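Since the structure comes first, as structure tokens, the remarks are kept for the end.
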Amino acid sequence: MAWTYLFVAAALEIVWATGLKYTAGFTRLWPSIGVGSAMAGSMFLLALAARTLPIGTAYAVWTGIGAAGTAVLGIILFHESASALRLVCVALILTGVVGLKLLGK
């Protein structure tokens, strides 16, 4: 169950990190409430996962999925650069996440 908590926490991290763009510096109420809620949910689920999983593994997987997912959504939603080198870097992050998952408890 800890891995499920962790993956949902990482998905919420992608939501809040991407959502920051829509808050306009926390000047827009509803996007700001959504981002704050996703942050709280993400942290709560990360904490639940960390009860069982090693914290180094849990945190690295959480941030890795969040970083890679946010980068991909930046490309899709905000037309950020999709250069080959950038995509290779995202793939490297995901490779590390998979490695930690396979080696994790």
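All values derive from a computational prediction rather than experimental measurement. Start at 1 with the first residue, then count along the sequence.
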### Query
With no hydrogens and no angle check, is any side-chain donor or acceptor of Thr70 less than 3.5 Å from a backbone partner on Ala67?
no
### Task
Identify the heavy atoms of Leu6 and Ala58 that sit nearest to each other, and give their distance.
CD1-O, 3.4 Å
### Query
Does anything in residues 51-71 pair up under salt bridge (Lys or Arg N to Asp or Glu O under 4.0 Å), and if so which pairs, sequence neighbours excluded?
none
### Query
With sequence neighbours excluded, what pairs up with Ser42 under the side chain to side chain donor-acceptor pair (under 3.5 Å) test?
Trp62
### For Ala2, all residues meeting side-chain contact (heavy atoms from CB on, under 4.5 Å), sequence neighbours excluded
Thr52, Leu53
### Message
Can you give me the closest heavy-atom contact between Ile55 and Ala50, atom names plus distance?
### Response
CD1-CB, 3.6 Å
Donor-acceptor pairs under 3.5 angstrom involving side-chain atoms of residues 30-38: please list them, not counting sequence neighbours.
from, atom 1, to, atom 2, distance (Å)
Ser32, OG, Arg28, O, 2.6
Ser37, OG, Ile33, O, 2.9

Side-chain donor/acceptor pairs under 3.5 Å, residues 74-90, sequence neighbours excluded:
from, atom 1, to, atom 2, distance (Å)
Glu80, OE1, Arg86, NH2, 3.2
Ser81, OG, Ser83, N, 3.3
Ser83, OG, Arg86, N, 3.2
Arg86, NH1, Ser81, O, 2.8

### Summary
OG1 (Thr57) and CG (Leu100) are apart, to the nearest 0.5 Å, by 5.5 Å
### Query
Can you tell me how far the CD atom of Glu13 sits from the CZ atom of Phe7, to the nearest 0.5 Å?
13.0 Å
#### Entry: Hydrophobic cluster membership, Met39 vs Ile65, 4.5 Å side-chain cutoff
no
### Query
Mind checking who shares a hydrophobic cluster with Tyr5, ILVMFWY linked at side-chain heavy-atom distances under 4.5 Å?
Met1, Val8, Leu12, Phe44, Leu45, Leu48
#### Entry: Linked hydrophobic residues, Val15 as query - side chain contacts closer than 4.5 Å
none
### Message
Is there a path of hydrophobic side-chain contacts, each under 4.5 Å between heavy atoms, that joins Leu20 and Ile14?
### Response
no
### Message
Grouping I, L, V, M, F, W and Y whenever their side-chain heavy atoms are under 4.5 Å apart, do Tyr22 and Leu73 come out in a common cluster?
### Response
yes
